[in-house]
Undergrad: 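Right, I'll just put the structure down here and ask away after.
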Amino acid sequence: MVRQGVLEQHPPKTPLTIGFECSGDVEAVGENTEGIAVNDRVIAFTDYGAWSEVVTVPAKFVYKMPSNMSYHDGAALPMNYLTAYIMLFDIGNLQKGMSVFSHNIGGGVGHAIGQLCKTVEDVTLYGTASAHKHEAVKGNVTSVFNRTSDYCQEVRKLSPAGVDIVLDCLCGEDTNKGISLLRPMGKYILYGSSNIVTGETKSFFSFAKSWWQVDKVSPIKCYDENKTISGFQLRNLAFQQGQDGYIRTVMNKLFQLYSLGKIQPVIDSTYAFEDVAEAMQKMHDRKNIGKLILDPAQEPKPPKVQSAPSVEGASPPEENKEKEENKDAVVNGDQQ
């Protein structure tokens, strides 16, 4: 969404280094920095710029990793688990015996939602995911439905009264469906708008369609039906609204859950920086199950070698090899 310029109304200008989270070792600290020292193993939550070998971050968004946490887990944890925890517990007030419906249950936030729901007794979790992800997520959810199915009807069959919490990262027509799934005292939380991303480039039509498909929210209707409609945007909370202290409190709770083995980031695959285009395409096509990680220490994949067609009269392989060696001798003549 950042790449297409649809993440926010005024996206930053290019050239731009993307990336909102990273992990690594502290190489240097500014004057009067407290609580963080050189060589500390840390996670950093950034307002862009994380896809780099060296990242500069305000100390208030840097967190010491638990001793048993790997760098890959550290890089996979912040955005997904902060988002899931705050929505479920601080906005949704998840309690024993409640029910939750969430889209994209096979993605990074989806796995976090599934794991965190399991920390509360007798929680029912319904979710949508692409068909090829169902097997991978079935252990985290009570029931999973194809994202293109009539999931409202399927949920109503299992829970005629509706659900207590709906978590929506799609927007558009799914917003109206999500609100309709709420039972009295239920809470709908919008935390994304990925329906806007439909092709390889920014589409004004997709943006307008998603906006027009959302019914106008009537406070009187919410009042009559005893429903709550809310939104959550983690980056704005951190970088625009000054809630870094609150976010640190939540992060400490997540570290405790990790150390107790109650949460574990699910990592789909790891890529070298040079292979970022392949990683981005996999995410764009919704093929990842869990988190995609960029690792600056990883070697890039070798380029695909295509066999050259045989040409009549061409030199044999041995002769070609000899010519290449002679060519190197000329190019590196200062070393001969």
Side-chain angles (χ1 to χ4, degrees), residues 77 79-130 133-195 222 225-234 250 253-254 257 262-266 286 289-291:
L77 183 106
M79 291 200 73
N80 289 346
Y81 284 83
L82 284 170
T83 297
Y85 188 99
I86 292 170
M87 290 194 302
L88 287 172
F89 296 107
D90 292 351
I91 300 177
N93 193 27
L94 181 64
Q95 298 181 35
K96 177 182 176 180
M98 293 178 69
S99 55
V100 179
F101 174 85
S102 176
H103 287 292
N104 285 9
I105 205 70
V109 177
H111 276 95
I113 290 168
Q115 293 175 15
L116 289 169
C117 281
K118 283 191 169 185
T119 66
V120 181
E121 186 179 353
D122 194 27
V123 168
T124 302
L125 175 60
Y126 306 109
T128 64
S130 301
K133 299 183 181 182
H134 286 199
E135 185 66 25
V137 303
K138 66 180 183 180
N140 282 342
V141 298
T142 307
S143 298
V144 59
F145 315 108
N146 195 306
R147 62 185 303 272
T148 59
S149 69
D150 186 356
Y151 57 82
C152 287
Q153 182 179 357
E154 296 298 322
V155 172
R156 287 290 184 181
K157 288 179 182 177
L158 300 171
S159 180
V163 298
D164 296 294
I165 301 172
V166 170
L167 306 177
D168 180 14
C169 58
L170 302 181
C171 197
E173 62 179 347
D174 292 286
T175 294
N176 306 324
K177 293 178 180 179
I179 295 171
S180 74
L181 276 176
L182 293 176
R183 66 173 62 190
M185 299 296 289
K187 298 179 180 180
Y188 164 89
I189 306 169
L190 179 70
Y191 71 101
S193 54
S194 64
N195 274 338
C222 292
E225 297 181 355
N226 284 298
K227 294 181 179 180
T228 299
I229 299 174
S230 60
F232 179 67
Q233 222 277 34
L234 178 60
V250 177
K253 294 178 181 178
L254 293 173
L257 290 171
K262 293 186 176 183
I263 60 173
Q264 174 66 53
V266 175
R286 304 178 190 272
I289 300 175
K291 196 77 169 179

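Please read these numbers as outputs of a predicted model, since none were measured by experiment.
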Undergrad: Output all residues satisfying salt bridge (charged side-chain N to carboxylate O under 4.0 Å, His left out) with Lys227, sequence neighbours left out; order by chain, then residue number.
TA: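 So Lys227 forms a salt bridge (charged side-chain N to carboxylate O under 4.0 Å, His left out) with Glu225.
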Undergrad: Would you say the side chains of Glu154 and Tyr126 form a donor-acceptor pair under 3.5 Å?
TA: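 Side chains of Glu154 and Tyr126: no pair found under 3.5 Å.
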Undergrad: Please tell me if the side chains of Leu88 and Leu167 come closer than 4.5 Å, counting only heavy atoms from C-beta onward.
TA: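 They are in side-chain contact.
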Undergrad: Determine whether Val109 and Asn104 make a side-chain contact, defined as any pair of heavy atoms from C-beta on separated by less than 4.5 Å.
TA: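 A side-chain contact is absent here, since even the closest heavy-atom pair is not under 4.5 Å.
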Undergrad: Using atom types as modelled and distance alone, determine if a side-chain donor or acceptor of Tyr81 lies under 3.5 Å from a backbone N or O of Gln264.
TA: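 Side chain of Tyr81 to backbone of Gln264: a pair is present.
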Undergrad: Is it true that a side-chain atom of Thr83 and a backbone atom of Met79 form a donor plus acceptor pair closer than 3.5 Å?
TA: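 Looks like yes, one N/O pair under 3.5 Å.
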Undergrad: How far apart are the C-alpha atoms of Leu257 and Leu116, what are their side-chain angles, what is the distance that settles it, and do they pass the side-chain contact (heavy atoms from CB on, under 4.5 Å) test?
TA: CA-CA 9 Å; Leu257 290 171; Leu116 289 169; 3.8 Å; yes
Undergrad: With side-chain hydrogen bond (donor to acceptor under 3.5 Å, both in side chains) as the rule and sequence neighbours excluded, what pairs involving residues 87-102 come up?
TA: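 Output for this query lists Asp90-Tyr246, Asn93-Gln95, Ser99-Asp164.
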Undergrad: Hey, mind stepping through Tyr151 and Asp174 against side-chain contact (heavy atoms from CB on, under 4.5 Å) and telling me if it holds?
TA: CA-CA 10 Å; Tyr151 57 82; Asp174 292 286; 2.6 Å; yes
Undergrad: Check Cys152 against Lys177 and note the closest heavy-atom contact, atom names and distance.
TA: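 Looking at all heavy atoms of both residues, the closest pair is SG-CB, 3.5 Å.
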Undergrad: Please test Thr124 against Val163 for side-chain contact (heavy atoms from CB on, under 4.5 Å), starting from the C-alpha separation and ending with a verdict.
TA: CA-CA 9 Å; Thr124 302; Val163 298; over 6 Å; no
Undergrad: Between His134 (side chain only) and Ala129 (backbone N and O only), is there a donor and an acceptor less than 3.5 Å apart?
TA: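 Looks like yes, one N/O pair under 3.5 Å.
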Undergrad: Can you name the side chain to side chain contact (heavy atoms under 4.5 Å, CB included) partners of Lys118, sequence neighbours left out?
TA: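 Listed in chain order: Asn140.
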Undergrad: Using salt bridge (charged side-chain N to carboxylate O under 4.0 Å, His left out) as the criterion, list what pairs up with Lys138, not counting sequence neighbours.
TA: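 Once residues adjacent in sequence are excluded, the partners of Lys138 under the salt bridge (charged side-chain N to carboxylate O under 4.0 Å, His left out) criterion are Glu135.
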Undergrad: If I compare all heavy atoms of Leu254 with all of Leu82, which pair ends up nearest, and what's the gap?
TA: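 Taking every non-hydrogen atom into account, CD1-N, 3.7 Å.
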Undergrad: Between the side chain of Lys187 and the main-chain N/O of Ile91, is any donor-acceptor distance below 3.5 Å?
TA: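 Pair found, side chain donor or acceptor close to backbone of Ile91.
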Undergrad: Applying salt bridge (charged side-chain N to carboxylate O under 4.0 Å, His left out), can you list everything that pairs with Lys133, at least two apart in sequence or on another chain?
TA: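 With sequence neighbours excluded, Lys133 shows a salt bridge (charged side-chain N to carboxylate O under 4.0 Å, His left out) to no residue whatsoever.
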Undergrad: Between Tyr191 and Leu234, does the side-chain contact (heavy atoms from CB on, under 4.5 Å) criterion hold? Intermediate values first, please.
TA: CA-CA 9 Å; Tyr191 71 101; Leu234 178 60; over 6 Å; no
Undergrad: I'd like to check the ring pair (Phe, Tyr, Trp, His ring centres under 6.0 Å) partners of Tyr85; sequence neighbours left out, ordered by chain and number.
TA: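 So Tyr85 forms a ring pair (Phe, Tyr, Trp, His ring centres under 6.0 Å) with Phe89.
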Undergrad: If every non-hydrogen atom of Ser180 is compared with every non-hydrogen atom of Arg156, which pair is closest and at what distance?
TA: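 For Ser180 versus Arg156, the nearest heavy atoms are O-NH2, 2.5 Å.
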Undergrad: What's the shortest heavy-atom distance between Gly127 and Ile105, and which atoms?
TA: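 The pair with the smallest heavy-atom distance is CA-CB, 4.3 Å.
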